[in-house]
Amino acid sequence: MTNPIRETLWDPIAGFGVTFRTMFRKTVTEQYPFEKIPTAPRFHGRHQLNRWPDGLEKCIGCELCAWACPADAIYVEGASNVEGGRYSPGERYGRVYQINYLRCILCGLCIEACPTRALTMTNEYELADNNRADLIFEKSDLLAPLLPGMVEAPHEMLISDDHHDYYKGMQLPIVGVSSGVSTGSTGEGRETE
Amino acid sequence: MTLEATPETQTPVELITLTIDDVEVSVPKGTLVIRAAELVGTEIPRFCDHPLLEPVGACRQCLVDITDAGNGRGFPKPQASCTIEVAAGMVVKTQVTSPIAEKAQRGNMEFLLINHPLDCPVCDKGGECPLQNQSMTHGQGETRFTETKRTFPKPIQVSEQVLLDRERCVLCARCTRFSEQIAGDPFIELIERGSQQQVGIYEQEPFHSYFSGNTIQICPVGALTSADYRFRARPFDLVSTPSIAEHDSCGSAIRVDHRRGKVMRRLAGDDPEVNEEWITDKDRFAFTSATQADRLTTPLVRNAAGKLEPTSWPYALAAAAKGLAAAAGKVGVLTGGRLTVEDAYAYSKFARTVLRTNDIDFRARAHSDEEASFLASHVAVTGPVVTHAGLEKASTVVLVGFEPEDEAGAVFLRLRKASRKGVKVISIASHTTRGLTKMSGELVRTVPGNEPAALAELELDANAVILVGERLASVRGGYTAALAAAKKSGASLAWIPRRAGDRGSVEVGCLPTLLPGGRPLDVAEARADLAAAWGVRAIPSKKGRDTSGILDSATAGTLKALVVAGVEVADLPDPAAARAALDAVGFLVSLEVRESEVSTRADVVLPIAPMVEKPGSFVNWEGRMRAFGAVLHEPNSLTDIRVLAGIAEELGAPLGFRTVDQARAEMTEVGPWDGDRPVMTPVEHGKKVATRGTVALDTWPQLVDDGRGQDGQELFRATARPAVLRASAHTLGAFDIDPGTFATVSTEAGSVTLPAEVADLPDGVVWAPANSGGTALHATLGAGFGDRVTVAPGKAPRRARGKK
């Protein structure tokens, strides 16, 4: 039933034809890790804990992210802001904030749950290590880098003492923040531009 | 209580039939519409309504449409169903069937939320909040209010322990009603009008209530929060375990919430038979004792150099066994009053079958042979006779040597409830305490030690209840007189000790004259019965020594070894003598949770599990079994039972059980004694000799004091009542002490200086708290209730720890 002439003569020509045709096309192989290609802008990468423009943390330790997490990867402990120890503008801040990247499935439900937009995701995808302990990211690993004009907490509210003005960014001493300094392209970065 | 069936209980309950949501239902007369609706399966949203508080109709959330009030006419407007009683033929339409009611409720919810901040993510109530839940089920989801919300500076401190966020308050008045109706400490009240209406405090009088924590729990929004629990966890990641409070003998139901191996908070459980829905602040907040830095974690054995050295469990058990074997037959056991009934049973059996002795006593406080005789004859294995609920039905309740507000919070709240219903409370005490005032009680003013005379003069009826406290053990003839008073009138009698484990220890025979199950030691059949149940040849028949006897014999060298569990040296009748005894005894085994004066003197220290890490049960003062499970599961934490079983196996006489469940099963199997009860040996009333220039001391520990069980909760401790010395103006004048200045109380052992205060005590009597404000009266003076002390004007105190 098979055609011996077609098998021995035509098929090899057809097969190598594909090879030769592909040789003149643009290559799709990425030279990772020597060459790193940016991800899609809304790629779900490592989390980031954002800051207000004066450097105070946006996280209020409400644990809604931990509640939303389907993989139980987030652990939060709240605490009270005290006189001389202010980390966030309101009463409460996240004293302990851990994300376990061994468990995290990067689904982004925590981002949806966050009531203050404190938690967003960056495009950073290099989340591998040779031990388990280092894959539990602490608050210090997750906090957004300090942009110009930001001061590391704890400190008093620098924008305004009044909460309404603070959240609206009134009497803002910082005129503009360049987005080029930011490492990840975050939703937050765009907001403060 | 042997209550005669009153006409009230005999008459069948009158039922009233009404229609709710087109369903006909019959409910007892007087039922509120909101609760009748629950019976047909309709939950009407509510905030201010609470079954244990009087109806007020403050929040207006429970509006329903009553189309027929039972008289053929309907109400023109929706009515609050929490204030309206059912009537025959009433037709009620709730939000389920009536658009009018539904609209009224939705509108009211919108009103409540106008000024309520949307700060649920930072609010401690978020996740368990009735307002949050009911705005999800009955609210409209969108607000039409675009103006600026009313704000208050937040939060304000109502007390050190309770914080108030006024902007979250929905003015339901649950907290103020609780304070006024249940606790009787009305220090918070609604003030101002209109949108400025808020919960306020009397600035002169701080909200120092022993029950303030309950207001946090019943607040239907996050307006009242606990300073201690603030922002520490969220309800949805707490694991809740029902448990029993260990700070008094009421056996109050509580709920323990923990997270990642750490207890975060405790809440009141709901047990209508015992504590209803209320607990004391001590039960609620004092739970950090076992997590202090001095917690014992490994067994310690004293080495050749005389130092306590960490060792392995097998080594420590072998060392304990070796020491006890060397002292064979000359070992005393002190168990203290904090053990669960299973643990106490293990000690009782360990003493009788392994150590072969009756030298065992749980009483780490003033005690007497008369008390032991009273406990054996009238307390051991008597089921609930007098009950919490029964107190409400008594005609008169007489308190002897017992201050319920400080010593048994649940009893106090019951008595206050009873007194509001007309039950007469009589206290045989030295002065009118705040607790007695709140119970509208009558004082029979008595010099400490003179209670028998006061009891003899009482005129009671058969429906009365006499509640005796453990302090009566210091009064010679006290229990005899209480029994005589009960017998004369036919009144019931109940013994209310201070510690959770006391009653259980009586039941399992941690007494020198009593065996488990109420078996009297001096009855041969009882001993034979127990020996058969335990499968041993015989139970030692020689009468044991009591706590003081054991300690004296240890000093004298008659006893060569002691096994001590959970005993605080400062609680013992004579702390100095006890320390000497512990130093003198040849071999000392300490089973402890935390480092104590006993464990530092011990030769072998065996760390045992605190209450949260083990299951068990307490027998409360009523005689009710109150079982609880382990909250935290720590495999390395051993119970007293497991440790004693280990020592017993090393000694070649196995205990027969190793776990709490096995011990419980064996206790059930051994059962109570069905023979004749022992007869109480009456004791003549004897007064202590009054020396010239001395006064009688009246004292008891206040609820919030310096006890080690409350360690680690400084905010809670800050709510303690200040330590003061109370005496009559005449007594103070006789010693040249001006009220408000300091007075020094002394004995040969030491002295304590406290601010003096005038109260209605009899002349020649002073009152001071046993362990408050850093003064440790009992430990310093070595004097207790009824002892003679001298008083003199004092200089300013050396330690100003009174107000922290």
Side-chain angles (χ1 to χ4, degrees), chain A residues 49-50 52 56-83 85-100 103 109-119 136 139 161-168 170, chain B residues 115-129 132-133 136 146-157 160-168 216 221-239 257-265 714-715:
Chain A
L49 283 171
N50 298 307
W52 291 100
L56 286 180
E57 295 158 15
K58 284 192 167 180
C59 177
I60 51 167
C62 73
E63 300 184 30
L64 287 178
C65 49
W67 196 21
C69 183
D72 200 10
I74 308 182
Y75 176 70
V76 189
E77 266 181 39
S80 210
N81 280 316
V82 289
E83 216 44 53
R86 172 172 293 285
Y87 288 87
S88 72
E91 290 174 275
R92 176 175 176 149
Y93 75 101
R95 188 175 63 82
V96 176
Y97 197 100
Q98 297 175 343
I99 297 183
N100 183 347
R103 309 192 92 185
L109 287 178
C110 46
I111 309 307
E112 283 182 42
C114 184
T116 61
R117 303 270 295 142
L119 192 67
I136 298 170
K139 192 165 102 171
D161 284 338
D162 183 77
H163 278 93
H164 296 95
D165 291 349
Y166 185 94
Y167 294 126
K168 286 177 191 157
M170 283 178 185
Chain B
N115 277 322
H116 191 86
L118 289 176
D119 63 350
C120 301
V122 298
C123 176
D124 273 337
K125 204 80 176 184
E128 55 177 6
C129 174
Q132 206 178 28
N133 294 344
M136 297 298 277
T146 51
E147 292 80 0
T148 313
K149 289 185 185 232
R150 173 207 58 192
T151 51
F152 286 114
K154 60 161 44 187
I156 56 169
Q157 279 205 329
E160 283 83 352
Q161 189 66 75
V162 184
L163 301 175
L164 171 65
D165 259 314
R166 284 167 294 172
E167 52 194 35
R168 290 184 191 148
I216 300 169
V221 294
L224 290 169
T225 50
S226 153
D228 172 59
Y229 171 70
R230 190 173 168 80
F231 301 162
R232 285 185 63 198
R234 309 288 301 182
F236 40 80
D237 61 13
L238 292 173
V239 181
D257 286 355
H258 75 94
R259 173 196 206 187
R260 296 216 171 184
K262 205 174 160 202
V263 175
M264 289 310 210
R265 64 171 177 180
E714 293 314 319
L715 289 173

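Treat the numbers as computed from the prediction; the structure is a model and nothing was measured. Chain letters run A, B, ... following the sequence lines, proteins first, then strands; residues in each count from 1.
- With a 4.5 Å cut-off on side-chain heavy atoms, B:D124 and A:R92 count as touching.
- Considering every non-hydrogen atom in both A:Y75 and B:R259, the closest pair reads CE1-NH2, 3.5 Å.
- Contact count versus chain B (heavy atoms, under 4.5 Å) is highest, among A:A79, A:P115, A:A66, for A:A79.
- To the nearest 0.5 Å, the span separating CG on B:D119 from CD on A:E91 amounts to 7.0 Å.
- Listed for the B:R234 side chain is no donor-acceptor partner under 3.5 Å among the backbone atoms of A:L64.
- The neighbour count for B:K149 NZ, taken as heavy atoms of other residues, nucleotides or ligands under 6.0 Å away, is above 12.
- Electrostatic pairing of B:K262 and A:E77 does not count as a salt bridge here, judged by no charged N lying under 4.0 Å from a carboxylate O.
- Contacts of B:R230 with chain A are made by side-chain atoms alone, with heavy-atom separations under 4.5 Å and no backbone atom involved.
- Side-chain contact between A:I60 and B:F231: absent, with no pair of heavy atoms (C-beta onward) separated by less than 4.5 Å.
- Rounded to the nearest 0.5 angstrom, B:D237 CG and A:D72 CG are separated by 9.0 Å.
- For A:E83, the CD atom sits in a loose shell: 12 or fewer heavy atoms of surrounding residues, nucleotides or ligands are nearer than 6.0 Å.
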